[in-house]
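Nothing here was measured: the structure is a model prediction, and the numbers come from that model.
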Amino acid sequence: MRVIRGYIFAFVFVFMIAEGLFAQHTMTSSPYSMFGLGEMASGLYGQNVSMAGVSIGMRDGKLINGENPAGLTAMDTCSLLAEASAFIKSERYHSRGDGTDAFTGNFSAFSLGGRLMRRWYAAVGLIPYSFVGYYFRTTEDLEGAPGSYVSSAFEGSGGLSKAYLSQGFALTRYLSVGVNLNYIFGNMTQGESQSSMAMARKISGSAFHADFGVQYHRPIGRETYLTLGAVYGYKQRITLRSEVAVAGSDAEATYEKRTERQYLPPYLGVGAVLTRKKWTYALDYRFRQYSVINSDESRATFRDAHESRLGVCFAPGGFGSDSYWKRMAYKMGVSVAMPYYLRWKGGSGFAYRVSAGLDLPLLEGRLNAAFFYDYLRLSSDAMERSLLGFTLAFTLSERLYRVKL
């Protein structure tokens with residue numbers, strides 16, 4: 001049982017370290033992260049960022065697949081895998097004639113995985129769930145005073161994180177199932193100030209949640225393999241507790257504690273991966289029911305989202321004695337989402353992402369480097385966003401012959 005105790009210790013250690021890192025840094029600068037649960041995390045961590053984030057049908061000996069836990073059963077049975085991801089990104093927002101630029105970066109994910117027993121695999125980790133990060137100013141006409149204006153400043157930071165324990169079970173030679181046991185938690189701050197008034201709001205929330213996955217994997221020809229996968233996550237209530245402080249020009253302050261009921265959006269996804277010799281082709285489709293999220297702003301509502309992702313990988317698969325270039329893998333991908341989850345004044349929108357990267361052998365593991373470009377547009381000139389980012393994911397493989405059960 002040494003391996004199981006090691007997983008428990010590693011989970012606690014990763015949770016404590018990563019919680020502090022996530023809490024201290026802002027991972028977005030989107031003004032739309034002030035609504036609902038913030039901007040949902042996507043595409044900032046993992047080995048397959050360069051393949052547009054395909055995951056539902058992915059399985060590999062050195063891949064910790066937290067998106068579909070059934071894929072854990074492909075991990076090397078004699079290795080303990082550890083993975084860490086980091087990113088940097090430059091963002092440009094444009095809305096009704098106004099524009100803003102921002103540059104952000106941070107560590108984004110930590111995970112640890114391997115085999116516990118025959119047919120039983122597990123992983124633990126911490127990843128971002130949503131981000132809050134914005135600062136902007138507005139100027140509006142003062143009601144009842146023509147020619148007078150009032151200026152307001154809005155700012156916010158924080159977000160939610162997800163700590164997870166993944167379990168994967170190989171039921172047969174070809175069929176695997178898995179479950180993620182998740183703990184969603186985090187803190188957010190929001191502020192609004194005018195010349196004679198300032199409001200500060202601190203929000204905290206937590207919830208337990210589970211999601212499930214299945215994969216069917218088998219050869220269909222010589223050096224040709226097909227994997228079919230599916231994932232499902234149910235709707236889960238999360239209670240947000242907030243403390244609001246309001247201060248006026250007379251230096252008096254009032255405090256109010258409130259409880260808000262929110263929901264984690266349910267989702268359903270299917271995927272397929274075809275591997276033939278040195279090539280891998282992957283396709284994912286996801287549906288997320290964002291309409292269950294409540295918004296404090298009457299003009300902004302959430303609508304359901306559909307997203308398709310396509311990824312391609314070429315891996316020459318050279319031996320250890322071959323040149324370094326032959327031992328690399330080359331990846332690219334594209335994703336399209338229509339409509340985007342946020343609707344403003346009845347409008348809709350669309351988004352797409354293109355990505356490319358390299359899988360580099362390093363020490364006893366892999367270094368995955370990826371560039372990606374995101375474009376998002378909401379109709380009626382509500383918002384246009386362009387984003388250029390770079391991610392690194394390092395996966396270390398530690399041989400554990402003596403402690404395997």
Nearest-0.5 Å distance that lies between atom CG in D374 and atom OG in S335: 7.0 Å
Taken to the nearest 0.5 Å, the spacing of S130 OG from K162 NZ works out to 11.5 Å
With sequence neighbours excluded, tell me which residues meet side chain to side chain contact (heavy atoms under 4.5 Å, CB included) with E83. Q47, I64, S85, S111, T395
M332 atom CE: more than 12 heavy-atom contacts under 6.0 Å: no
Y121: side chain to side chain donor-acceptor pair (under 3.5 Å) partners, not counting sequence neighbours: none
Classify the side-chain pair E260/Q262 by whether it contains a donor and acceptor separated by less than 3.5 Å. yes
For the atom pair CZ (R92) and OG (S386), what is the distance rounded to the nearest 0.5 Å? 7.5 Å
Given salt bridge (Lys or Arg N to Asp or Glu O under 4.0 Å), test R286 with E67 step by step and report yes or no. CA-CA 12 Å; R286 290 178 183 267; E67 298 291 327; 3.6 Å; yes
Partners meeting ring pair (Phe, Tyr, Trp, His ring centres under 6.0 Å) with Y234 (sequence neighbours left out): H209
Qualifying residues under side chain to side chain contact (heavy atoms under 4.5 Å, CB included), relative to L268, sequence neighbours excluded: Y232
Of all pairs that satisfy side-chain hydrogen bond (donor to acceptor under 3.5 Å, both in side chains), the ones with a partner from residues 165-180, not counting sequence neighbours: T73-S176, W120-Q167, S166-N180, N180-D211
Parallel under 30°, tilted from 30 to 60°, perpendicular over 60°: which one fits the rings of H217 and Y225? parallel
Any salt bridge (charged side-chain N to carboxylate O under 4.0 Å, His left out) involving residues 54-66? Give me the pairs, sequence neighbours left out, ordered by first then second residue. D60-R366
Scan residues 270-285 for pairs that pass salt bridge (charged side-chain N to carboxylate O under 4.0 Å, His left out), counting only residues two or more places apart or in two chains. none
Applying side chain to side chain contact (heavy atoms under 4.5 Å, CB included), can you list everything that pairs with A84, at least two apart in sequence or on another chain? F110
Check whether Y267 forms a cation-pi arrangement with R288 (NZ or CZ under 6.0 Å from the six-membered ring centre, at most 45° off the ring normal). yes
Hits for ring pair (Phe, Tyr, Trp, His ring centres under 6.0 Å) against F390, two or more places apart or cross-chain, chain-then-number order -> F371
Is the CZ atom of R119 crowded by more than 12 outside heavy atoms at less than 6.0 Å? yes
For Y285, give me all partners under ring pair (Phe, Tyr, Trp, His ring centres under 6.0 Å), at least two apart in sequence or on another chain. none
What is the distance from atom CD1 of I238 to atom CG of L264, rounded to the nearest 0.5 Å? 5.0 Å
Begin with the C-alpha distance, continue with both residues' side-chain angles, and end with the deciding distance and a verdict on side chain to side chain contact (heavy atoms under 4.5 Å, CB included) for W279 and L274. CA-CA 8 Å; W279 290 89; L274 178 66; over 6 Å; no
Donor on one side chain, acceptor on other, T189 and S157, under 3.5 Å: yes
S55 to N68 - nearest heavy-atom pair and separation: O-CB, 4.1 Å
How long is the straight-line distance from CD1 of I184 back to CG of L37, given to the nearest 0.5 Å? 10.0 Å
Taking Q190 for its side chain and M34 for its backbone only, find out whether a donor-acceptor pair lies under 3.5 Å. yes
For S206, all residues meeting side chain to side chain contact (heavy atoms under 4.5 Å, CB included), sequence neighbours excluded: Y183, F185, R241
How long is the gap from CG on L387 to NZ on K89, to the nearest 0.5 Å? 5.5 Å
Please list, chain by chain and in numerical order, all residues satisfying ring pair (Phe, Tyr, Trp, His ring centres under 6.0 Å) with F154, sequence neighbours excluded. F136
